[in-house]
Amino acid sequence: MRRVVAAVAACLLLASCTSGGGTGGKTGPDSNVDVDTPHLRVIKAEARIAPCRPGTGASELPAVTLPCLGGGPAVDLSKLEGPLVVNLFAQWCGPCRKELPFYQELHRKGRGVVTVLGVDYLDVQPEQALELAKGAGVTYPLLADPGGKLRVPLKARALPGVVFVKADGSIDTQLRVVGSYAELRALVQDQLGVRLPA
C-alpha cells in the first residue's frame with residue numbers, strides 16, 4: 001500500500017510541472033497574453049529586475065524573439081552570447097519556486113563571469129510570475145514565453161529546465177530540479193568551463 005501511495009504522489013508531483021500544467025489558459029504559439037502593462041512595469045520596478053538587453057552575437061539558441069516580462073525590448077535568443085544560463089520557470093511550478101534563489105545567487109556571485117536570464121515559460125499569469133520573482137529576490141532579466149514558442153526547439157516538455165550556452169554558442173538543455181546553489185554552481189562550472197565563487 002505504501003508503494004502505491006508513493007507512486008501516486010510521485011505522479012502528481014511530476015504532473016504539476018509538465019508543460020502547461022496549471023496555466024489555465026491559452027498556451028499555444030499564438031498566445032496573446034499581455035506581459036507589458038503599466039501595472040506589470042510597476043511590479044518589475046519595485047522588484048528591481050534588470051532590463052532585458054538584446055544580444056549582438058550568435059548562439060545555437062533558437063531564432064525565437066520573446067518579449068521582456070514587465071516591459072522592455074524583445075530579445076532574439078539566437079543573438080545571445082555565452083557563457084549564459086537560461087532558467088525556464090513558471091509561477092505554477094513548485095520546484096521552480098524553490099530554485100529561483102539559487103539562480104539569483106548565481107547572478108550575484110557570477111557577475112562578470114556568467115550571465116543569468118529567466119524565461120517565464122508556458123505561464124499565462126505574468127503578474128503572479130513577477131510577484132514570485134519579487135518575493136524570491138530575483139533581479140536578473142526575465143523574458144516571457146506564455147505561448148510555448150520554445151517547446152519544440154528546446155524540447156522543453158516539463159519544468160523546471162535550464163539551458164547552458166557556452167562561449168562558442170553551443171547549448172545544452174536539461175530538464176532537472178536544482179537542489180542548491182552548490183549543485184547549480186557545479187553544473188555551471190562543468191557545462192560552461194568557468195570558475196565561480198562558492
Side-chain angles (χ1 to χ4, degrees), residues 10 13-14 16-19 44 47-62 66 68-70 75 77-123 129-145 150 153-198:
L13 177 62
L14 288 173
S16 71
C17 286
T18 56
S19 295
K44 179 176 179 174
R48 297 183 177 167
I49 294 171
C52 298
R53 290 191 168 84
T56 57
S59 72
E60 292 177 6
L61 285 169
L66 296 178
C68 191
L69 182 61
V75 175
L77 298 185
S78 68
K79 293 184 177 179
L80 297 177
E81 298 176 89
L84 169 68
V85 176
V86 182
N87 169 231
L88 302 175
F89 77 100
Q91 53 81 25
W92 47 261
C93 169
C96 300
R97 291 172 164 266
K98 293 178 182 176
E99 288 184 338
L100 289 179
F102 309 142
Y103 285 96
Q104 175 59 26
E105 191 169 357
L106 175 64
H107 171 64
R108 185 173 57 81
K109 291 183 175 179
R111 197 173 305 261
V113 177
V114 64
T115 303
V116 179
L117 176 68
V119 177
D120 186 26
Y121 178 67
L122 280 177
D123 187 354
L130 281 172
E131 289 289 359
L132 169 63
K134 180 181 176 183
V138 166
T139 61
Y140 50 85
L142 301 175
L143 300 176
D145 184 13
L150 297 180
L154 290 183
K155 298 179 181 167
R157 294 181 177 85
L159 288 177
V162 59
V163 183
F164 299 100
V165 183
K166 299 178 183 178
D168 66 4
S170 62
I171 67 170
D172 179 43
T173 303
Q174 297 184 20
L175 303 178
R176 63 179 300 148
V177 176
V178 175
S180 66
Y181 169 69
E183 181 183 344
L184 179 59
R185 175 178 174 264
L187 277 169
V188 171
Q189 292 186 147
D190 180 59
Q191 289 290 323
L192 301 182
V194 297
R195 299 300 302 167
L196 296 166

Does a side-chain heavy-atom distance below 4.5 Å link Val113 with Arg195?
no

Decide if atom NZ of Lys155 counts as having more than 12 heavy atoms of other residues, nucleotides or ligands within a radius under 6.0 Å.
no

Nearest 0.5 Å, please: how far is CD in Glu99 from CG in Leu88?
10.0 Å

Ignoring hydrogens, what is the shortest heavy-atom contact between Pro141 and Ile49? Give both atom names and the distance.
CA-CG2, 4.3 Å

Is there a donor-acceptor pair under 3.5 Å between the side chain of Glu81 and the backbone N or O of Gly55?
no

Return the NZ to NZ distance between Lys134 and Lys44, rounded to the nearest 0.5 Å.
14.5 Å

Atom pair SG/CG of Cys52 and Leu142 - distance to nearest 0.5 Å
7.0 Å

Evaluate the side-chain proximity of Pro160 to Val178: yes if any heavy-atom separation is below 4.5 Å, no if none is.
no

Output yes when a side-chain donor or acceptor of Arg185 lies under 3.5 Å from a complementary backbone atom of Leu106, and no otherwise.
no

Measuring only between side-chain heavy atoms, which start at C-beta, is Val138 closer than 4.5 Å to Tyr103?
no

Looking only at heavy atoms, what is the nearest atom pair of Glu60 and Ile171, with distance?
OE1-N, 3.6 Å

Please examine the side chains of Val86 and Leu80, heavy atoms only from C-beta on, and report whether any two atoms are closer than 4.5 Å.
no

Closest non-hydrogen atoms of Gln191 and Lys166, given as atom of the first, atom of the second and distance, are O-CE, 3.1 Å

I'd like to know whether Leu66 forms a side-chain contact (heavy atoms from CB on, under 4.5 Å) with Val75, so could you lay out the CA-CA distance, the side-chain angles of the two residues, the decisive distance to 0.1 Å, and finally the verdict.
CA-CA 5 Å; Leu66 296 178; Val75 175; 5.8 Å; no

Minimal non-hydrogen separation, Gly110 against Leu196, with atom names
CA-CD2, 3.7 Å

Let me see the working for Leu122 and Leu159 under side-chain contact (heavy atoms from CB on, under 4.5 Å), right down to the final yes or no.
CA-CA 10 Å; Leu122 280 177; Leu159 288 177; 5.7 Å; no

Distance check, rounded to the nearest 0.5 Å: Asp120 atom CG versus Leu69 atom CG?
5.5 Å

I'd like to know if the side chain of Tyr121 and the backbone of Leu150 have a donor-acceptor N/O pair within less than 3.5 Å.
no

Is the count of non-hydrogen atoms from other residues, nucleotides or ligands lying under 6.0 Å from Lys79 atom NZ greater than 12?
no

Begin with the C-alpha distance, continue with both residues' side-chain angles, and end with the deciding distance and a verdict on side-chain contact (heavy atoms from CB on, under 4.5 Å) for Leu192 and Val85.
CA-CA 9 Å; Leu192 301 182; Val85 176; 3.9 Å; yes

How close do Asn87 and Gly161 get, counting heavy atoms only, and between which atoms?
ND2-O, 3.5 Å

Tell me, do Asp190 and Phe164 make a side-chain contact under 4.5 Å, heavy atoms counted?
no

With the side chain counted from C-beta on, respond yes when Leu187 and Val162 share a heavy-atom pair under 4.5 Å apart, and no when they do not.
no

Within the 4.5 Å heavy-atom criterion, are Glu105 and Leu184 side-chain neighbours or not?
no

Separation between CG of Leu132 and SG of Cys93, rounded to the nearest 0.5 Å
10.0 Å

So CZ of Arg53 and SG of Cys68: to nearest 0.5 Å the spacing works out to 10.0 Å

Nearest heavy-atom neighbours spanning Thr139 and Ala47:
CG2-O, 3.9 Å

